[in-house]
Amino acid sequence: MSKPKHILVIRLSAMGDVAMTVPVLRALLLQYPEVKITVVSRPFFQPFFDGIPNVIFFGVDLNKRHEGFLGLLRLFSDLRKLNIDAVADLHNVLRSKVVRTLFALSGKKVAATENEILKISGGKTQNWIGIAPFAQYESKVYPQNLMQKVIDGLAENSNHKIFLFGGGEKEIQLLNQLQNQHENVIVLAGKLKFKQELEVISNLDIMLSMDSGNAHIAAMLGVKVITLWGATHPYAGFKPFNQPDDFCLTSDRTQYPLLPTSVYGNKKVEGYEEAMRSILPETVIDKIKKELN
């Protein structure tokens with residue numbers, strides 16, 4: 001089956017929500033340069049999409065031509081003339097549902113995003129930082145009091161929005177403590193399905209993770225990933241894909257010369273329990289800020 005060549009993207013919502021689609025479309029077109037995209041949104045937002053190759057902007061007129069149900073029929077008629085192959089509804093409200101349903105009835109492929117994500121994440125008007133502070137083995141987990149300093153330090157900047165990832169009741173309790181009543185720190189654990197978490201991760205500007213699965217997931221989605229290493233070491237072969245060596249912050253091998261003491265982190269070596277404390281919170285914060293800039 002042939003891939004869609006012309007995709008209609010519907011996003012009629014607020015400024016921040018529309019803006020967060022821009023990096024997604026850029027990433028899509030880098031991977032599929034043969035694809036053509038028509039973005040349907042409010043005319044005011046057209047400058048967001050200027051200069052993106054293969055993107056055409058269609059300004060919807062919700063006050064006159066495209067007002068009401070008959071207006072939506074006219075909108076469908078106007079868009080159908082563009083020879084659309086598939087529809088991606090990134091708004092998923094009544095207006096967009098009507099238009100995508102009409103396309104579906106005409107035999108086109110349609111897909112819609114789940115609006116529950118935006119209720120939790122909000123629009124992307126800040127730098128989005130993901131933090132996944134857990135790993136399978138304790139020897140790979142940054143001490144909680146130091147991670148608290150990292151989160152507190154990053155949360156001081158109102159231009160940062162921080163998402164905390166994890167799973168299970170125990171981890172959710174710890175994440176709620178790490179959230180520490182910061183308005184710009186959001187605990188995602190227990191609130192989203194895995195597929196929805198992937199959508200949030202794909203929109204992050206940077207991810208901070210242990211030597212764990214979250215690091216690899218973020219890397220595969222093209223996100224910058226800063227990793228912290230305790231008993232393990234990136235040279236053992238588990239560095240996240242396509243991430244520079246200096247994104248891996250390792251424990252001090254001068255102070256702990258036997259590192260790595262384990263390939264997977266499942267071995268404990270006496271005297272090395274506090275190895276990760278040699279990675280200073282200030283070092284982590286500075287590295288994240290540097291890569292955001």
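Here the structure is a predicted model, which is why all the values come from computation and not from measurement.
Hydrophobic clustering (side-chain heavy atoms under 4.5 Å, transitive across Ile, Leu, Val, Met, Phe, Trp, Tyr) keeps Ile162 apart from Met207.
Interatomic distance, Leu25 CG to Phe48 CZ, rounded to the nearest 0.5 Å: 12.5 Å. With rounding to the nearest 0.5 angstrom, the CG atom of Leu154 is 9.5 Å from the CD1 atom of Ile206. One distance of note links CG of Asp245 with OG1 of Thr250; it measures 10.0 Å at 0.5 Å rounding. Taking CD1 of Ile56 as the start and CG of Leu82 as the end, the distance is 7.0 Å to the nearest 0.5 Å.
In this structure, the side chain of Asn184 engages the main chain of His160 through a donor-acceptor pair within 3.5 Å. Distance alone, capped at 3.5 Å, places no donor-acceptor pair between the Gln179 side chain and the Val187 backbone. Side-chain atoms of Ser262 come within 3.5 Å of backbone N or O of Asn266 as a donor-acceptor pair. In terms of modelled atom types and a separation under 3.5 Å, the side chain of Asp85 and the main chain of His6 share a donor-acceptor contact. In terms of modelled atom types and a separation under 3.5 Å, the side chain of Glu171 and the main chain of Gly166 share no donor-acceptor contact. Using modelled atom types, one side-chain atom of Gln196 and one backbone atom of Lys193 make a donor-acceptor pair closer than 3.5 Å.
Defined by atom type and a distance below 3.5 Å, a donor-acceptor pair is present between the side-chain atoms of Asp152 and His182.
Between His66 and Phe58, the ring planes lie tilted relative to each other; the angle falls in the 30° to 60° range. Ring planes of Tyr235 and His233: perpendicular class, angle over 60° (limits at 30 and 60°).
Summarising the geometry of Val141 relative to Ala135, their closest heavy-atom pair is CG2-N, 3.6 Å, with the distance given to 0.1 Å. When all heavy atoms are compared, the tightest approach of Gly153 to Ile285 is CA-CD1, 3.9 Å. Smallest separation of non-hydrogen atoms from Leu259 and Ala231: CD2-CA, 4.0 Å. Pairing each heavy atom of Arg42 with each of Phe57, the nearest pair is O-CZ, 3.2 Å. Of all the heavy atoms in Ile84 and Leu79, the pair that sits closest is CG1-O, 3.6 Å. Val200 approaches Leu192 most closely through the heavy-atom pair CG2-CD1, 3.9 Å.
Looking at heavy atoms from C-beta onward, Asp205 lies out of side-chain contact with Lys224 at the 4.5 angstrom threshold. Taking 4.5 Å as the limit, some side-chain heavy atom of Ile279 sits within range of a side-chain heavy atom of Ser251. Taking 4.5 Å as the limit, every side-chain heavy atom of Leu164 sits out of range of all side-chain heavy atoms of Ile186. For the pair Ile10/Val99, a side-chain contact is recorded, criterion being any heavy-atom separation below 4.5 Å from C-beta on. In this structure, Asp61 and Lys64 have side chains that are in contact, with non-hydrogen atoms separated by less than 4.5 Å. Within the 4.5 Å cutoff, no side-chain heavy atoms of Val110 are placed close to those of Asp89. Inter-residue side-chain proximity for Val24 and Asn203 is flagged as met; some heavy-atom pair is nearer than 4.5 Å. Under the 4.5 Å side-chain criterion, counting only non-hydrogen atoms from C-beta, Thr261 is not in contact with Lys267.
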One pair to check against ring-ring contact (aromatic ring centres under 6.0 Å, His included): Tyr264 and Tyr137. What are the steps and the verdict?
CA-CA 8 Å; Tyr264 305 107; Tyr137 300 108; 8.4 Å; no
Could you go through Gln148 and Gln177, starting from their C-alpha distance and side-chain angles, then the distance that decides it, and tell me whether this counts as side chain to side chain donor-acceptor pair (under 3.5 Å)?
CA-CA 9 Å; Gln148 186 70 70; Gln177 293 177 29; over 6 Å; no
What verdict does the side-chain contact (heavy atoms from CB on, under 4.5 Å) test give for Leu102 and Arg80, after you've listed the backbone C-alpha separation in whole Å, the side-chain angles of each residue and the deciding distance to 0.1 Å?
CA-CA 10 Å; Leu102 291 171; Arg80 194 177 186 184; over 6 Å; no
Set out, in order, the CA-CA distance, both residues' side-chain angles and the distance that settles side-chain contact (heavy atoms from CB on, under 4.5 Å) for Met210 and Phe134, then state yes or no.
CA-CA 6 Å; Met210 307 301 103; Phe134 305 114; 5.9 Å; no
Take Ser209 and Asn214 through the side chain to side chain donor-acceptor pair (under 3.5 Å) test and state the conclusion after the steps.
CA-CA 7 Å; Ser209 176; Asn214 281 294; 5.4 Å; no
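Residue-environment remark: CZ (Arg95) stays at or below the threshold of 12 foreign heavy atoms within 6.0 Å.
Looking at Asp211, Leu249, Leu146 one by one, the single match for side-chain contact (heavy atoms from CB on, under 4.5 Å) with Leu228 turns out to be Leu249. Under the side-chain contact (heavy atoms from CB on, under 4.5 Å) rule, Arg65 has a single partner from Asp78, Val60, Leu70, Leu75, which is Asp78.
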